[in-house]
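Every heavy atom of this structure was used, including side-chain atoms; hydrogens, water molecules and symmetry mates were not. Since we're looking at a predicted model, the values are computed, not measured.
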Amino acid sequence: MTITSKHIDYKDADGTVFEGVVYIPENAKNSKVPAVLVFPAFRGITEFEKDKGHQLAELGYFAFVADVYGKGVRPTERADAFATMGPLVSNRVEKLKPRLFAALNTLKTFSEVDQSKIAAIGYCFGGLCVLDLARYNAKLKVVVSYHGTLKPIPDLPLDPILETSVQVHHGDADFHIAKDQVDGFHEEMRTRQADFVFVSHAKAVHAFTEPEADSFNAPGIGYNEKAAKRSWKATLGIFDEVFA
């Protein structure tokens, strides 16, 4: 299948400029297609997320790799990435939320997209992003988080029922996501009567989907091929379900 990819600039409500990447499948020329937002891990958009976008387009989905940091903000060092991410994580309502919805609203402007069939996936920090979109009831069909932070949005009154389906892939050996987060997430989902699936992958540590994770030279971070393949297969399975 022929895939068209292009970089696009867009803005949030504060006027901050972002640069995302869209991947448009050939079948979108003839009819509207389901769409998937892809939210990057802590380094921002890398080849890993771009490859996921391309893979999704090859399957017939319109894919949009979102930029949460801002155009030209692409930290290459681990410390710089955490310094860039930190203020967004510490103020999820005022700083992060507008950036998430800027990406979603931009995706909706494309004529190729079936507005009733939109999903979001995210890795690490991106996992937090997609779970927050679900928490805000952003009218997505499903969100999928891979080794994402599970902490709830602090002190924010939310709708009693979470309308978006949720699939979480967690590394069973991931000590970066503590057990109290896991337990708290389950309780949050039950309280909001969510349609959720939580998968704990045996022996997988943090960042288990990223082939380059072993090169990060950080404790508790590494690639796990089996968990990566299983989580991706489960993702495509739930897409088949919710987009049917």
Close side-chain approach of [X] and [Y], heavy atoms under 4.5 Å:
X: Ile3; Y: Glu26; answer: no
X: Arg43; Y: Phe125; answer: no
X: Leu56; Y: Ile121; answer: yes

Quiz item: Do Tyr23 and Lys50 pass the side chain to side chain contact (heavy atoms under 4.5 Å, CB included) test, and can you show the C-alpha distance, the side-chain angles, and the key distance before you say yes or no?
Solution: CA-CA 9 Å; Tyr23 296 86; Lys50 292 178 183 179; 3.2 Å; yes

What is the distance from atom [atom1] of [X] to atom [atom2] of [Y], rounded to the nearest 0.5 Å?
X: Phe39; Y: Leu100; atom1: CZ; atom2: CG; value: 5.0 Å
X: Glu163; Y: Gln193; atom1: CD; atom2: CD; value: 11.5 Å
X: Ile118; Y: Gln115; atom1: CD1; atom2: CD; value: 5.0 Å
X: Asp174; Y: Asn224; atom1: CG; atom2: CG; value: 11.5 Å
X: Lys95; Y: Leu88; atom1: NZ; atom2: CG; value: 7.5 Å
X: Phe243; Y: Ile238; atom1: CZ; atom2: CD1; value: 10.0 Å

Testing the 3.5 Å rule here: is there a donor-acceptor pair between the side chains of [X] and [Y]?
X: His169; Y: Gln167; answer: yes
X: Ser116; Y: Asp114; answer: yes
X: His147; Y: Thr209; answer: yes
X: Tyr146; Y: Thr235; answer: yes

Can you name the closest pair of heavy atoms from [X] and [Y] and give their distance?
X: Leu140; Y: Ala120; value: CD1-CB, 4.0 Å
X: Met1; Y: Pro25; value: SD-CB, 3.6 Å
X: Pro40; Y: Val38; value: CD-O, 3.8 Å
X: Ala103; Y: Phe64; value: O-CE2, 3.3 Å
X: Ile177; Y: Gly148; value: CD1-O, 3.7 Å
X: Asp183; Y: Lys179; value: OD2-NZ, 2.7 Å

Practice problem: Classify the ring geometry between Phe196 and Phe185 as parallel (under 30°), tilted (30 to 60°) or perpendicular (over 60°). | Solution: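 If you compare the ring of Phe196 with that of Phe185, the planes turn out perpendicular.
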
Exercise. For the residue pair His201 and Phe208, categorise the inter-ring angle as parallel (less than 30°), tilted (30 to 60°) or perpendicular (more than 60°).
Key: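 Geometry flag for Phe208 against His201: tilted rings.
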
[X] (side chain) donor-acceptor with [Y] (main chain) under 3.5 angstrom:
X: Tyr69; Y: Phe42; result: yes
X: Asp67; Y: Phe18; result: no
X: Thr16; Y: Asp12; result: no
X: Thr164; Y: Asn137; result: no
X: Asn91; Y: Pro87; result: no
X: Glu49; Y: Ala41; result: yes
X: Thr149; Y: Lys151; result: no

If you count heavy atoms of other groups shown closer than 6.0 angstrom to [atom1] of [X], is the number above 12?
X: Lys108; atom1: NZ; answer: yes
X: Glu212; atom1: CD; answer: no
X: Arg74; atom1: CZ; answer: yes
X: Lys32; atom1: NZ; answer: yes
X: Lys141; atom1: NZ; answer: no

Quiz item: Should the pair Lys97 and Tyr136 be classed as cation-pi, given the thresholds of under 6.0 Å to the six-membered ring centre and 45° from the axis?
Solution: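 Output yes; distance and angle both within limits.
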
Quiz item: How far apart are the C-alpha atoms of Val166 and Leu131, what are their side-chain angles, what is the distance that settles it, and do they pass the side chain to side chain contact (heavy atoms under 4.5 Å, CB included) test?
Solution: CA-CA 8 Å; Val166 174; Leu131 291 175; 3.7 Å; yes

Quiz item: Would Arg135 and Glu188 count as a salt bridge (charged side-chain N to carboxylate O under 4.0 Å, His left out) if you check the C-alpha gap in whole Å, the side-chain angles of each, and the deciding distance to 0.1 Å?
Solution: CA-CA 10 Å; Arg135 290 177 170 114; Glu188 178 189 8; 2.8 Å; yes

Practice problem: Could you give me the CA-CA distance, side-chain angles and deciding distance for Ile45 and Glu19, then say whether side chain to side chain contact (heavy atoms under 4.5 Å, CB included) is met? | Solution: CA-CA 9 Å; Ile45 297 175; Glu19 184 182 27; over 6 Å; no

Exercise. Please report the C-alpha distance between Tyr123 and Val130 in whole Å, then the side-chain angles of each, then the deciding distance to 0.1 Å, and finally whether the side chain to side chain contact (heavy atoms under 4.5 Å, CB included) criterion is met.
Key: CA-CA 9 Å; Tyr123 300 84; Val130 302; over 6 Å; no

Quiz item: Under the side chain to side chain donor-acceptor pair (under 3.5 Å) test, which residues partner Lys71, sequence neighbours left out?
Solution: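 Listed in chain order: Asp9.
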
Self-check item: Side-chain ion pair, Lys203 and Asp172, N-O less than 4.0 Å
Solution: no

